[in-house]
Amino acid sequence: MSQTTHDPLREYMTVIGNLTAAAAGIARTEEAKAAAVSGNRHEILDGCIQEEQALLLKLRGLEQHRSKLQKELGWDSLTFHQILDTASSEQADALEPIFQKLDQQLRRLQTAREAAERILKVRLHELEVFSQMGAAYDNGGNASPGTAAPGPGRIRNTYV
């Protein structure tokens with residue numbers, strides 16, 4: 001039976017890789033949300049949101065593990081750039097590519113999130129406009145003008 005030794009650096013690198021994968025998953029989910037909203041496929045959003053919540057929980061756990069390992073390695077409150085400056089040349093050579101991959105996925109995530117938010121804001125604005133016009137929506141998300149109760153600007157005088 002072989003005995004395994006605790007290698008905090010190797011474990012840290014694995015956690016960074018897992019963080020990268022989680023960020024990529026969240027970015028894909030954000031992109032799917034944006035595509036669903038753009039294509040008026042609102043029924044897809046629930047699945048996207050559930051998937052995103054699961055990935056965010058995973059991300060939170062990985063981040064806690066990363067923080068613990070970073071502390072164990074003596075890099076407690078350092079940024080990734082500071083870690084590369086502080087680490088030995090061998091450690092820095094091993095860490096730099098995985099930090100770059102993580103940075104790339106975090107940028108992708110930020111771009112995807114911003115795009116999804118812009119599209120959602122546009123759709124919400126459209127809903128506000130349609131609701132003021134007295135439009136309703138069917139289950140497919142298509143506007144059906146004149147089928148809903150009148151909007152706030154067109155209240156009937158039947159109660160006067």
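Computed from a prediction, not measured in an experiment: that's the story for all the values here.
Rounded to the nearest 0.5 angstrom, Cys48 SG and Arg41 CZ are separated by 10.5 Å. Here the OG-CD distance, from Ser38 to Glu31, works out to 12.0 Å after rounding to the nearest 0.5 Å. Put simply, CG on Asn18 and CG on Leu102 are 11.0 Å apart, with the number rounded to the nearest 0.5 Å. Taking CG of Leu106 as the reference point, atom CZ of Arg113 lies at 11.0 Å (rounded to 0.5 Å). The distance from the OG atom of Ser67 to the CG atom of Asp76 is 6.5 Å, given to the nearest 0.5 Å. Here the CD atom belonging to Gln64 is positioned 10.5 Å from the CZ atom belonging to Arg66, to the nearest 0.5 angstrom.
A heavy-atom distance below 4.5 Å is not found between the side chains of Gln53 and Leu57. At a threshold of 4.5 Å between non-hydrogen side-chain atoms, the residues Thr20 and Ile98 do not count as touching. Looking at Gln82 and Thr79, their side chains come closer than 4.5 Å, going by heavy atoms from C-beta outward. With a 4.5 Å cut-off on side-chain heavy atoms, Leu95 and Tyr12 count as touching. By the 4.5 Å heavy-atom criterion applied to side chains, Glu96 and Phe80 are not counted as neighbours. Residues Trp75 and Leu69 have side chains not in contact (no heavy-atom distance under 4.5 Å, counting atoms from C-beta outward). Between Arg123 and Asn40, some side-chain heavy-atom pair lies under the 4.5 Å cut-off. With a 4.5 Å cut-off on side-chain heavy atoms, Lys33 and Glu52 count as touching.
In terms of heavy-atom proximity, Leu109 sits nearest to Ala23 at CB-O, 4.3 Å. The shortest non-hydrogen separation linking Ala87 to Ala92 is CB-N, 4.1 Å. In plain terms, the two heavy atoms of Leu73 and Leu9 that are nearest each other are CD2-N, 3.9 Å. Closest heavy-atom contact between Ala112 and Ala27: CB-O, 3.8 Å. Residues Leu62 and Ala22 come closest through the heavy atom pair CD1-CB, 4.3 Å.
Side-chain N/O atoms of Gln104 and Gln100 include no donor and acceptor closer than 3.5 Å. In this structure, a donor-acceptor pair under 3.5 Å is absent between the side chains of His65 and Gln70. For Arg108 and Gln105, the side-chain atoms include at least one donor-acceptor pair closer than 3.5 Å.
A continuous path of Ile, Leu, Val, Met, Phe, Trp and Tyr side chains, each step under 4.5 Å between heavy atoms, connects Leu19 with Leu56, placing both in one hydrophobic cluster. Residue Ile119 is grouped with residue Leu45 when hydrophobic side chains (ILVMFWY) are merged at heavy-atom distances under 4.5 angstrom, including chains of intermediate members. In terms of hydrophobic clustering, with Ile, Leu, Val, Met, Phe, Trp and Tyr side chains grouped at heavy-atom distances under 4.5 Å, Ile26 and Val37 are assigned to different clusters.
Other residues, nucleotides and ligands contribute at most 12 non-hydrogen atoms within 6.0 Å of the CD atom of Gln110.
Glu11 places no side-chain N or O within 3.5 Å of a backbone atom of Pro8 that could act as its donor or acceptor partner.
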Residues Arg28, Glu30; criterion salt bridge (charged side-chain N to carboxylate O under 4.0 Å, His left out); working and verdict
CA-CA 5 Å; Arg28 278 191 305 275; Glu30 286 292 331; over 6 Å; no
